[in-house]
Amino acid sequence: MVQEMNSNIPLENLSGLGLYWKDVGIFSQYCLGQIKKNLGFTKGLREGIGHTGILDPFAEGILLFGLGEATKLLAPLQGLNKTYRATFI
């Protein structure tokens, strides 16, 4: 869960990378929506966020996301191979 920000920095000036734990059954886009909501993004600011690639809904794991100018840092990471680990019982 993303904690609410208490900052005097205007949202349009936010920039950085973050990690979000995605649980099983949740889509990556839903995670971005939760991040936007918790950061107080309005419709006009919703373009300033992105992630490195979709995690399958059946998988849990870390979703790397970027805000503002830092979204440019995500491009080289997109499309890299993902590794899944499974436990069979």
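Only a predicted model underlies this, so the values are computations on that prediction, with no experimental measurement involved. All residue numbers refer to positions in the sequence shown, counting from 1.
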Residues clustering with Phe27 (ILVMFWY side chains joined when closer than 4.5 Å, directly or via others): none
What's in the same ILVMFWY side-chain cluster as Ile89, cut-off under 4.5 Å, chained through other members? none
Do you reckon Leu19 sits in the same ILVMFWY cluster as Leu77, going by side-chain contacts under 4.5 Å, direct or chained? yes
Test of understanding: with side-chain contact (heavy atoms from CB on, under 4.5 Å), list the residues that count as partners of Leu17, not counting sequence neighbours. Leu64, Ala70, Leu73, Leu74
I need the full list of side-chain hydrogen bond (donor to acceptor under 3.5 Å, both in side chains) pairs touching residues 58-70, with sequence neighbours left out, sorted by first then second residue. Glu69-Lys72
Common cluster, Leu67/Leu32, ILVMFWY with side-chain heavy-atom separation under 4.5 Å: yes
Here the gap from His51 atom NE2 to Tyr20 atom OH, rounded to the nearest 0.5 Å, amounts to 12.0 Å
Could you tell me the separation between the NZ atom of Lys22 and the CG atom of Leu63, rounded to the nearest 0.5 Å? 8.5 Å
From Trp21 CH2 over to Ile62 CD1, what is the distance, rounded to the nearest 0.5 angstrom? 6.0 Å
For Gly66 and Thr71, which heavy atoms make the closest approach, and how far apart are they? O-CG2, 3.3 Å
